[in-house]
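Notes follow once the structure below has been shown.
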Protein chains: 2
Amino acid sequence: MTSRAGVNSRNPTISDVAERAGVSVPTVSRVLTGAARVSPAKREAVEAAIAELNFRPSAAARVLVSRRPQTIAVVAGNTSRYGYAETIRGIEMAARAEGYTVMITVVESADEVEVDRAIGATLSQALAGVVVLKFDPPGVAALRRLSTDLPVVALSGTRETGVRQAVLDETGAAEELTDYLLGLGHRTVHHVRVPPSRRVDGRTTGWRRALLKAGAPVPPLLDGTWAPNSGIAIGRVLAEDPEVTAVFCGNDELAMGVMRGIADKGLRIPADISVAGFDDHPLAELWSPPLTTVEQDFEGLGRRGFELLLQVVEGSGGRRFSSELPRLVVRESTAAPRGRGT
Amino acid sequence: MTSRAGVNSRNPTISDVAERAGVSVPTVSRVLTGAARVSPAKREAVEAAIAELNFRPSAAARVLVSRRPQTIAVVAGNTSRYGYAETIRGIEMAARAEGYTVMITVVESADEVEVDRAIGATLSQALAGVVVLKFDPPGVAALRRLSTDLPVVALSGTRETGVRQAVLDETGAAEELTDYLLGLGHRTVHHVRVPPSRRVDGRTTGWRRALLKAGAPVPPLLDGTWAPNSGIAIGRVLAEDPEVTAVFCGNDELAMGVMRGIADKGLRIPADISVAGFDDHPLAELWSPPLTTVEQDFEGLGRRGFELLLQVVEGSGGRRFSSELPRLVVRESTAAPRGRGT
DNA sequence: AACAAACTTGATATCGTTTTCAGATAAGGC
DNA sequence: GCCTTATCTGAAAACGATATCAAGTTTGTT
């Protein structure tokens, strides 16, 4: 009884279904799309034929004539780092729930030629829209190269005009975190930043704003990379400077590296130096000591980004911005200063 | 001079290009595909027209008639956990280098109906093939539901017949790791496993094999989850059993949780208990103490999977398996036993 | 110079759907 | 019962590319 694909036949088409159900092709199409009414008898016959043949409409043929693509593209500079991966997951879940299919495009360099090559194949797909992770220079470059006649939503940590975007307000969160550290009694807070997406980044801006607001000295910026162990060397340097009592790192991985570098020099955290991260990585709470950080809802960012895109696609206009303030999570890696610096 | 998309025109089509270049549509197609020779004069005219109009061939129209899709789908139970994300990255990079576009499909449950719903939209795309991450029950279920007339490659940790697959030989690596721990002088090794993809999983099998080979007692299995902090409770339980001197955890995150649980009970690692993980997570080397683990080349797994798929797609038959042995990485979380158990 | 072979080129068919339009049938109003 | 309106249905066109095939043009050989 189990029906089986014909011996050597290709995938069944809508006309196979029509023939089997004894109706015309457009009638099958109407059943598929629900675009118009079909008599109950024919509808049942069509549905039976579809099931028997295990028929799936060809998305390519469908989009060609309907001009309503059900695919979106995600353009990102990276797919596997924590924040990126979670954001993509949020987009994918929201998209899948709405019947959209998701295409991934990685852009590794910010060079214009490279970017065009990376997004070329993707842009020749029929797309309903694009979500760009504007977290880094490649993301920023990709956004700039995206043609304007395609709905585009950018996801990032800093609000910016001219683009429809969903935002996790890093600036505000970094300011809050720095306020908290100053409030513990630290004279100032050092900052190790991750590679910024543009000349300025929100985490650094918020940090500086809090220092200025409090009249605290603004120490020179330290630059980490995306590799967690780049923090080790920086931690060692910081450990040797007796002025350093609190360090705010651009992300949790970097903070973990910095903590190791500090520990390598025999200093204790938080007794000698407080260290805070950013993102609330799943391992932050397991670290020793557990890491004070800022919880960012990346998955929610992805969802909000897709929803924003969908509003454009469906023509319902909608808001151009969607912003959210990450939440400070205080753990044991930060404390009031004692013994050092003060 | 900069050309601009026509005032209110849609995307340019191949016939816009043909008209502008003063040639026929098939000639433009020949320039695009390189399928046949075109005189230099016309080729130049066509290329100029393409550039001026900023023309991109429609992938949908192209695949409809050519029947050579340039898209692959990745089906996975998860996209953001370390091993998954890295594997997907490897697939994406290899695919992009070959001009293939990548579609992501997440399958959250192993339930047949759920699986079909998740992969439905994807399977109606024109696909060259599918790569399935067979790391967990949803992945296994998805693989089973994939129609056989589509090229499919499975990625996993255990070799299995009947499917074309790329493998990271977890069984062998787990055996090697357990051998190493026994070689340090531990009477036996306890194992905390991550949720297995099927009834048996490679890491557990390799662990048991090593114990039996050495004539060591096989302690009862402990079950962790994918959440790193599920290890904490397990670590506390293990700490209270004086027989426990070495623990092998199914992945690094779980090991970190277990270590915390053990530390919570006042025991030291590795002095009192040795702990080893699996995967070589980027943070494993930063952990205190740095974690002994097994380095898995997930990105390479993804690449190999895509290459295997490509061989099928291009009809060059090729091998059905591609296997690789992960590499033991000894760090400071493991040492010879002393004081306890022996 | 004549013929064959090779190379270019365009007209037309084709892929698998949805859309448009018009015809057929059924239902409703007088 | 006749005309209008509403409901279903199918024929044909359309989407934007490649594939096929035959005609036209060169080139090469004798």
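Chain naming here is simple, since letters A, B, ... match the order of the sequence lines and numbering starts at 1 in each.
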Closest approach of [X] and [Y], non-hydrogen atoms and distance?
X	Y	answer
Ser197(B)	Val140(B)	O-CG2, 3.8 Å
Gly305(B)	Leu155(B)	CA-CD1, 3.7 Å
Thr158(B)	Val167(B)	N-CG1, 4.1 Å
Ser109(A)	Val115(A)	O-CG2, 3.3 Å
Ala110(B)	Ala141(B)	O-CB, 3.5 Å
Ser156(A)	Lys134(A)	CB-O, 3.6 Å

What's the [atom1]-[atom2] distance between [X] and [N], to the nearest Å?
X	N	atom1	atom2	value
Arg37(A)	dA24(C)	CZ	C1'	18 Å
Gln70(B)	dT18(D)	CD	C1'	14 Å
Arg43(A)	dT9(D)	CZ	P	10 Å
Leu64(B)	dA13(C)	CG	P	18 Å

Q: Start with the C-alpha gap between Arg304(B) and Glu307(B), add the side-chain angles, then the distance that decides, and say whether salt bridge (Lys or Arg N to Asp or Glu O under 4.0 Å) holds.
A: CA-CA 5 Å; Arg304(B) 285 186 288 130; Glu307(B) 278 154 22; over 6 Å; no

Q. Looking at the side chain of Thr13(A), which of dG10(C), dG10(D), dT17(C) is the nearest nucleotide?
A.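 The answer is dT17(C).
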
Q. Given axes from five pairs at either end, by how many degrees does the helix from dA1(C)-dT30(D) to dC30(C)-dG1(D) bend, rounded to 10°?
A.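 Helix axis angle between the two ends: 40°.
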
Which atom pairs link the protein and nucleotides 18-22 of chain C when you take only N or O atoms and keep those under 3.5 Å?
| unit_1 | atom_1 | unit_2 | atom_2 | d |
| --- | --- | --- | --- | --- |
| dT18(C) | OP1 | Arg62(A) | NE | 2.9 |
| dT18(C) | OP1 | Arg62(A) | NH2 | 2.9 |
| dT18(C) | OP2 | Ser29(A) | OG | 2.5 |
| dT18(C) | O5' | Ser29(A) | OG | 3.3 |
| dT19(C) | OP1 | Arg68(A) | NH2 | 2.3 |

(Q) Checking the side chain of Gln165(A) only, and the main-chain atoms of Glu160(A) only, is there a donor and an acceptor separated by less than 3.5 Å? (A)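 Judged by distance alone, yes, a pair lies under 3.5 Å.
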
Q. Do side-chain atoms of Asp16(B) reach the backbone of Thr13(B) as a donor and acceptor pair under 3.5 angstrom?
A.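 Checked: pair present.
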
Q | 5' priority, DNA chain C, between Arg67(B) and Ser24(B) [closest heavy atom] | A |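 Between the two, 5'-proximity favours Ser24(B).
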
Does a side-chain N or O from [X] land closer than 4.0 Å to OP1 or OP2 of [N], or not?
X	N	result
Ser39(B)	dC7(C)	no
Thr27(B)	dG10(C)	yes
Ser15(A)	dG16(C)	no

(Q) Strictly below 4.0 Å, N to O, side chains only: are Arg89(A) and Glu92(A) in salt-bridge contact? (A)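 A salt bridge is absent here (no side-chain N lies under 4.0 Å from a carboxylate O).
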
Q: Could you tell me whether the side chain of Glu112(A) reaches within less than 4.5 Å of the side chain of Arg144(A), counting heavy atoms only?
A: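 No, side chains not in contact.
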
Q. Can you list, by residue number, the residues of residues 120-129 of chain A that have a non-hydrogen atom closer than 4.0 angstrom to DNA chain C?
A.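 Going residue by residue through residues 120-129 of chain A, none turns out to have a heavy atom under 4.0 Å of DNA chain C.
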
